[in-house]
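Heads up, the thing below is written out as structure tokens.
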2 protein chains.
Amino acid sequence: MRLVVARCEVLYTGRLTARLPQAVRLLMFKSDGSVLVHDDAGGYRPLNWMTPPTVVEEREGSIVVRKRAGKSEDKLEIRIADLLSDVTHDMGESAALQKDGVERHLQEELAARPNALGQSLQLVRREWPTDIGPVDLMCRDASGDWVAVEIKRIATIEAVEQLTRYLERIEIEGCRGVLAAQVIKPQARTLAEARGIHCVEVDLAVLRGEREPDLTLFT
Amino acid sequence: MRLVVARCEVLYTGRLTARLPQAVRLLMFKSDGSVLVHDDAGGYRPLNWMTPPTVVEEREGSIVVRKRAGKSEDKLEIRIADLLSDVTHDMGESAALQKDGVERHLQEELAARPNALGQSLQLVRREWPTDIGPVDLMCRDASGDWVAVEIKRIATIEAVEQLTRYLERIEIEGCRGVLAAQVIKPQARTLAEARGIHCVEVDLAVLRGEREPDLTLFT
DNA sequence: CGGTAGATTTCGTGA
DNA sequence: TCACGAAGTCTACCG
């Protein structure tokens, strides 16, 4: 990885045009072709960037990064006024990030234990196909009625709309909808209940039995 | 900005838990409290990060970054096995990025020239208020009928849903819907047309008169 | 390869 | 502060 600290101006043309006035920035050139222009503030997102595959052309006082983007071209032009530092580090092999707690894990746990949704449910299949996309979980309840379950980490109105579209498309008489999420936004809950969709907030740690449901509030 | 290159392992607990196995990484500590862990590959997003406000605690062989996140806490623990470089740069004042070509510009151009939507339209107002949010453009056509226009850079099913919600809420008899975007996804077009919503793809450069419509295809 | 859904989305804006 | 919508979203997955 090459790290350059320089007073520079950056011009981007591509999906939009943008100009970054002259100031001191950090330029990162990764070995996979990624180029990032970072400021000393402003959070995790670079001010300008280009994702691989790129072509980097270095000239006197400027660096131009190009990328084919469909029929046209993306171009990042870095005009260097004052080079303050320029170092390259050999960082060797990488190792992948291991994540836990994303939506898929929630789906796996609920597929294994659909009763955690607070109803007596039996799983029929995960990723039940419809012509507009898969329903996360398709179950049947104690009465034999069908129940379509949509799972989100955070449920917004969009999740309710999505489940509603599925329910419209599912050719099953009286199929109910259940929305399960770690967090259900108030407006989503209101819309869901107005449409007869049951809402359930679930906790991944509780699902896994790592932590007991917090019942002390009610004792 | 402090830049550290080190062989390290990173543990994140917060909205999810993640472990980044030991390897050589770039650690960025911005003056606003942002902390980013970058790899020598993998595009523009850091492997791990924390956005301000943060508290950074440095100890022997490890750096812990903490942040209050609602009722719980986010924690990023960086265990340093081998410190390869550690430099700090004073980057001085920043300057804001100037953008052009985003959705707002599209709305401005279409507000100035609603006829570009391929119909004889007259603008009544931009950001027409409803109780669930503003309609981008409200117009009347040659017959005096009302037309609600939703503008997107890229129109997906969600844009159709949004416009549909507006049309349901607008208390105007026979108000039509028009979806205008630089790119309209096929599924969005299908859903829109099934609901009687007219789709128009627009080109910002053409709208501005910088480029003529490409008519050569039809000659 | 295009399209869709997820993301520790982040980030801005308006109520 | 909360909630919603945009983003050069990016990225993984599935057809």
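To find a chain, count down the sequence lines: A is the first, B the second, and so on, and within it residues start at 1.
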Q) What are the residues of residues 180-191 of chain A, sorted by number, that bring a heavy atom to within less than 4.0 Å of DNA chain D? A) A/P186, A/Q187
Q: Identify the residue among B/L137, B/L179, B/L163 that makes a side-chain contact (heavy atoms from CB on, under 4.5 Å) with B/I151.
A: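 Per the side-chain contact (heavy atoms from CB on, under 4.5 Å) rule, the option paired with B/I151 is B/L137, out of B/L137, B/L179, B/L163.
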Q.
Between A/S34 and B/G43 (side chain of the first, backbone of the second, donor and acceptor by atom type, cut-off under 3.5 Å), is there such a pair?
A.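 Flag set: sc A/S34 to bb B/G43 pair under 3.5 Å.
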Could you state the [atom1]-[atom2] distance from [X] to [N], rounded to the nearest angstrom?
| X | N | atom1 | atom2 | value |
| --- | --- | --- | --- | --- |
| A/E150 | C/dT4 | CD | P | 16 Å |
| A/L106 | C/dA7 | CG | P | 10 Å |
| B/W49 | D/dT11 | CH2 | P | 11 Å |
| A/N48 | D/dC10 | CG | P | 12 Å |
| B/I154 | D/dG5 | CD1 | P | 18 Å |
| A/L47 | C/dC11 | CG | P | 11 Å |
| B/K152 | D/dG5 | NZ | C1' | 7 Å |
| A/L163 | C/dA5 | CG | C1' | 15 Å |

Q.
Heavy-atom nearest nucleotide on DNA chain C for A/G43 versus A/E103: which residue maps closer to 5'?
A. A/E103
(Q) Need to verify one output field. Residue with the more 5' nearest nucleotide on DNA chain C, A/R104 or B/P52? (A)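 Result of the comparison: A/R104.
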(Q) Suppose we call a contact any N or O donor and acceptor under 3.5 Å apart; does that hold for the side chain of A/Y44 and the base of C/dT10? (A) no
Q.
Run A/D39 and A/R45 through salt bridge (Lys or Arg N to Asp or Glu O under 4.0 Å) and show every step you take.
A. CA-CA 9 Å; A/D39 195 1; A/R45 179 177 298 198; over 6 Å; no
Q. Within less than 4.0 Å of OP1 or OP2 of D/dC4, is there a side-chain N or O belonging to B/R165?
A.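 So the side chain of B/R165 is outside the cut-off, no N or O lying under 4.0 Å from OP1 or OP2 of D/dC4.
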**Q.** With sequence neighbours excluded, residues passing ring pair (Phe, Tyr, Trp, His ring centres under 6.0 Å) with B/Y44
**A.**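 So B/Y44 forms a ring pair (Phe, Tyr, Trp, His ring centres under 6.0 Å) with A/W49.
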Q | B/Y12 side chain, from C-beta outward: closest of C/dT8, C/dG6, D/dG8 | A |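 For B/Y12, the side-chain atoms sit closest to C/dT8.
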Q) When rounded to the nearest Å, what value does the distance between P atoms of C/dC11 and D/dT11 take? A)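 Approximately 15 Å lies between the P atom of C/dC11 and that of D/dT11.
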**Q.** Nearest-angstrom distance, C1' atom, C/dG6 to D/dA7
**A.**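 Between the two C1' atoms, the distance is 15 Å.
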Q: Apply salt bridge (Lys or Arg N to Asp or Glu O under 4.0 Å) to B/D40 and list each qualifying residue two or more places apart in sequence or on a separate chain.
A: none
Q. Out of curiosity, A/I157 CD1 to B/E161 CD, how far, rounded to the nearest 0.5 Å?
A. 11.5 Å
Q. Are any non-hydrogen side-chain atoms of A/E150 and A/Y166 less than 4.5 angstrom apart?
A.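 A/E150 reaches A/Y166 side chain to side chain.
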Q. Of B/G42 and A/L76, whose nearest nucleotide on DNA chain D comes first from the 5' end?
A.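 Looking at DNA chain D, the more 5' nearest nucleotide goes with A/L76.
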